[in-house]
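The structure appears right after this line, and notes come after that.
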Amino acid sequence: MTIHSNDFGPAPHTRIGFLLFPGFPMACLTSAMEPLRAANEIAGHQVFTWALVTETGADAEASAGVLFPADINLANAEGFDCLFLLSGPEGDFEDPVSGPGRLRYLARHGVALGAVSGGIFPLARSGLLAGRRCTVHWCYRSAFEAAFPDCTAVDRLIVRDGNIYTVSGATAMFDLSLELIGNALGADAMNEVACLFQHPVIRNGSARQKIPVLQSDRTVDQMPPAVKEAMSIFSENLESPVSIRDAAQMAGISPRQLERSFRAATGLSPGEYYRRQRLKAARQMVLYSWDSVSDIAHAVGYASSSTLTLHYRKFYGVTPVQDRNQAFQPARGKTCTPQSVAPFSATSKTRCGTMA
């Protein structure tokens, strides 16, 4: 199908590479490529071209089990304007020296690097995110921050820091592709592509991620102001929990008002919500790291691993160790096995699991 509904005139050619790791989220790839394809059709010429890259040149199997043939291996990848890493949080290079080294080489020679969803983990392990701001999908954020304390994670859809883009998920990648189209062809083309895909809102990358509220059909941004502020205070104080009284004071209301507002908005007391947030953070570290249960307990404000285990089993129905072990069972649909990979920290390694 050729659309070519407008004469947008010449535009600079942009060549994009997608570095695929085994188990990468397929939606992130299609959300990037399809808007660019449509933009080419609208423009009537190849404004964007792309290639699929893997570390070794072998085909890459997506999280949905679909096999994607690679166009080129990473060592021979040349001529890209941008290279995006697509991965689950367990993604890592087979060669822990040459793979990250190649990324650093490309960055030094003017290639913009990006990471989508879990692709931020291998990018961070390469050292290229040290000291930078980045966005991390909310379901990985606690595990990422524990692993890479030298990176500053912010709650945004897309973050650009220098020549590095980080993208929180699949629809955020669609938004970034629209931005690239707008830069190349103008706002009219960007709007036309968005409408072709019935993308209802063209979101600025600085927009916040949508984060679900426990036991609710609403998201954090839909909460009453004082409740939303308290939720933010709780999420920023996991390792050293604050009292409900102090949280209420920081939110500008009385503890009694906070209690009433929280129950009305979520059905939970502030204390119960806070405890569940800490348990959610603990589960991220259980599933996406090899940190000990004791280290995880301290990271989310528990004095001992036994107390964390008690609350964890009550909420999730399994202990942290059982939950971690079950993640490797074939019945859970996992295709990876424990392996030695670049550590999160001195004592932790990544695990299986992908998110769009």
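If you read the sequence from its start, that first residue is 1, and numbering goes on from there. No hydrogens, no waters, no symmetry mates; every other heavy atom, side chains included, goes into these values.
Applying the salt bridge (charged side-chain N to carboxylate O under 4.0 Å, His left out) test to every pair with at least one member in residues 129-157, sequence neighbours left out, gives these pairs: R132-D161, R141-E145, D155-R208. Applying the salt bridge (charged side-chain N to carboxylate O under 4.0 Å, His left out) rule to pairs touching residues 172-182 yields D175-R203, sequence neighbours excluded. Listed by first and then second residue, the salt bridge (charged side-chain N to carboxylate O under 4.0 Å, His left out) pairs involving residues 248-268 are E259-R263 (not counting sequence neighbours).
Checking side-chain atoms of R278 against main-chain N and O of V300 turns up a donor-acceptor pair under 3.5 Å. Panel note: side chain T30, backbone A27; a donor-acceptor pair is recorded below 3.5 Å. Of the possible polar contacts, none joining the Q326 side chain to the D323 backbone as a donor-acceptor pair under 3.5 Å is found. The main-chain N or O of D95 is found under 3.5 Å from a side-chain atom of E55 such that the two form a donor-acceptor pair. In this structure, T166 contributes its side chain and C134 its backbone to no donor-acceptor pair below 3.5 Å. Side chain of N40 to backbone of V47: a donor-acceptor contact under 3.5 angstrom is found. Using a distance-only test at 3.5 Å, with no hydrogens or angles considered, a donor-acceptor pair links the side chain of R102 to the main chain of A75. In this structure, the side chain of E34 does not engage the main chain of S31 through any donor-acceptor pair within 3.5 Å. H298 places a side-chain N or O within 3.5 Å of a backbone atom of S294 that can act as its donor or acceptor partner. With hydrogens and angles disregarded, a donor-acceptor distance shorter than 3.5 Å links the side chain of Q322 to the backbone of T319.
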Evaluate the side chain to side chain contact (heavy atoms under 4.5 Å, CB included) criterion for residues E41 and R37: first the C-alpha distance (whole Å), next the side-chain angles of each, then the deciding distance (0.1 Å), finally the verdict.
CA-CA 7 Å; E41 292 187 356; R37 173 198 59 77; 3.2 Å; yes
Step by step, would you call T49 with T14 a side chain to side chain contact (heavy atoms under 4.5 Å, CB included)?
CA-CA 6 Å; T49 57; T14 301; over 6 Å; no
The test is side chain to side chain contact (heavy atoms under 4.5 Å, CB included); show your working for F121 and D92 and say whether it passes.
CA-CA 8 Å; F121 284 85; D92 201 11; over 6 Å; no
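For H311, the ring pair (Phe, Tyr, Trp, His ring centres under 6.0 Å) criterion is met by Y302, not counting sequence neighbours. Residues forming a ring pair (Phe, Tyr, Trp, His ring centres under 6.0 Å) with Y274 (at least two apart in sequence, or on another chain): F234. Applying the ring pair (Phe, Tyr, Trp, His ring centres under 6.0 Å) rule to Y165 yields no partners; only residues at least two apart in sequence or on another chain are considered.
L308 is not connected to L310 by any chain of hydrophobic side-chain contacts under 4.5 Å among Ile, Leu, Val, Met, Phe, Trp and Tyr, and they are in different clusters. Hydrophobic clustering of Ile, Leu, Val, Met, Phe, Trp and Tyr side chains at less than 4.5 Å, counting indirect connections, keeps V97 apart from Y105. V159 is not connected to I202 by any chain of hydrophobic side-chain contacts under 4.5 Å among Ile, Leu, Val, Met, Phe, Trp and Tyr, and they are in different clusters. Two different hydrophobic clusters hold V167 and V154 under the rule that ILVMFWY side chains link at heavy-atom gaps under 4.5 Å.
In plain terms, the two heavy atoms of L67 and P69 that are nearest each other are O-CD, 3.9 Å. Across every non-hydrogen atom of V193 and I181, the tightest pair is CG1-CD1, 4.0 Å. Across V242 and A247, no two heavy atoms sit closer than the pair CG2-CB, 4.2 Å. A77 and L106 get closest at one heavy-atom pair: O-CD2, 4.0 Å. Scanning all heavy atoms of the two residues, the minimum distance from M285 to S289 falls at O-OG, 2.6 Å. The minimum heavy-atom distance between V293 and S305, with the atom names listed, is CG1-CB, 3.8 Å.
One distance of note links SG of C151 with CG of L129; it measures 5.0 Å at 0.5 Å rounding. The CZ atom of F174 lies 9.5 Å from the CG atom of L36; values are rounded to the nearest 0.5 Å. Rounded to the nearest 0.5 angstrom, Y140 OH and L287 CG are separated by 10.5 Å. Annotation: the span from S117 atom OG to L85 atom CG amounts to 12.0 Å, rounded to 0.5 Å. Atom-to-atom distance recorded for L52:CG and F68:CZ is 7.5 Å, nearest 0.5 angstrom. The CG atom of L157 sits 10.5 Å away from the CG atom of L176 when rounded to the nearest 0.5 Å.
A cation-pi contact links R283 to Y316, judged by a cut-off of 6.0 Å to the six-membered ring centre and 45° from its axis.
For the pair R15/F48, no side-chain contact is recorded, criterion being any heavy-atom separation below 4.5 Å from C-beta on.
Taking 4.0 Å as the cut-off between side-chain N and carboxylate O, K228 and D221 do not count as a salt-bridged pair.
Taking the six-membered ring for Trp, Y288 and F144 have ring centres at least 6.0 Å apart.
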